[in-house]
2 protein chains.
Amino acid sequence: MFFMVQFLHPARQDITLEGVLAALADPVRLGIVKALLSEPACMSCSAAAPCPDIPKSTLSNHFRVLRESGLIQTTKKGVEHRNVVREADLNARFPGLLKAILKHAGE
Amino acid sequence: MFFMVQFLHPARQDITLEGVLAALADPVRLGIVKALLSEPACMSCSAAAPCPDIPKSTLSNHFRVLRESGLIQTTKKGVEHRNVVREADLNARFPGLLKAILKHAGE
DNA sequence: ACGGTAGTTCGGAAATATGGGACTATTGAA
DNA sequence: TTCAATAGTCCCATATTTCCGAACTACCGT
């Protein structure tokens, strides 16, 4: 029985506009990305959650969507997962997009 | 029996970032907005469709989502509906967002 | 080895999207 | 003024997606 071989991260050129927009169209995921950008260091999944009452399995799904859309990169660090926004890749692929969206996040 | 009292358009200040992103996260809807912006005049629903083989009811749903998210304005003009992108409202509400997204649409 | 914590996976329920067909409304022609 | 054609909406059944509880894996500290 084998699990979680590796996190699935798309290559820079495989990040799609549709995927990025769909990922950020959810308020929880937008909140996660906002939280990740507000800190220079990596954050664990639960630390980056916008509300503490979101079920674990739901949160895990949101992080998977963010990962598979190319918005964040996740690495294992002991018992927790460290997440960062893939700013360089996103700015290379869609210049100005991330900033334009997050400028208006949370009003 | 009465129908379609009026098209439902949110006021400028009621347009939400989440709604705009969710609307544009669909490739069909993104194509519609792109088509509408490529022409200075209004376009009918079927004229703005990215592919001709999309079922009418599905297309109608996509236009409703675009309308209710505040992305487009629809007015009746005889037998057809004329659609325009609400550029002024969107630029006032979320400056730079629309351009930043559509710059990368369709690659 | 054990207990605790972080996160994933599974599976069923709830919510949402799709599209066929019937319907409305408007126009233009007979 | 009636008739046919066209643009689009509404209804509703099906298909797809999302949500979340529960069971599970993985890692760390003791």
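A, B, ... follow the sequence lines: proteins, then strands. Residue 1 opens every chain.
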Here the gap from Arg29(B) atom CZ to Ser69(B) atom OG, rounded to the nearest 0.5 Å, amounts to 8.0 Å
Nucleotide nearest [X] when distance is taken to its side chain, options [options]:
{"X": "Asp26(A)", "options": "dG7(C), dC19(D), dG8(D)", "value": "dC19(D)"}
{"X": "Val79(A)", "options": "dA26(D), dC20(D), dA7(D)", "value": "dA26(D)"}
{"X": "Pro55(A)", "options": "dG7(C), dG8(D), dG21(D)", "value": "dG21(D)"}

Tell me: [atom1] of [X] to [atom2] of [N], nearest whole Å?
{"X": "Asp53(B)", "N": "dT18(C)", "atom1": "CG", "atom2": "C1'", "result": "14 Å"}
{"X": "Phe63(B)", "N": "dG8(D)", "atom1": "CZ", "atom2": "C1'", "result": "10 Å"}
{"X": "Asn61(A)", "N": "dC20(D)", "atom1": "CG", "atom2": "C1'", "result": "9 Å"}

From the list Leu66(A), Asn83(A), Leu8(A), Val84(A), side-chain contact (heavy atoms from CB on, under 4.5 Å) partner of Thr74(A) resolves to Asn83(A)
For [N], does either OP1 or OP2 sit under 4.0 Å from a side-chain N or O belonging to [X]?
{"X": "Lys76(A)", "N": "dC27(D)", "result": "yes"}
{"X": "Ser57(A)", "N": "dC20(D)", "result": "no"}
{"X": "Arg67(B)", "N": "dG8(D)", "result": "no"}
{"X": "His81(B)", "N": "dT9(D)", "result": "yes"}
{"X": "Thr58(A)", "N": "dC20(D)", "result": "yes"}

Check your understanding: Heavy atoms under 4.0 Å, any strand shown: does Ser46(B) hit a base, just sugar-phosphate, or nothing?
Key -> sugar-phosphate
Hydrophobic clusters here meaning ILVMFWY residues chained together by side-chain heavy-atom distances under 4.5 Å, can you tell me if Leu37(A) and Phe94(B) are in one? yes
Checklist entry - Are His81(B) and Phe7(B) an aromatic pair by the rule of ring centers under 6.0 Å? => result yes
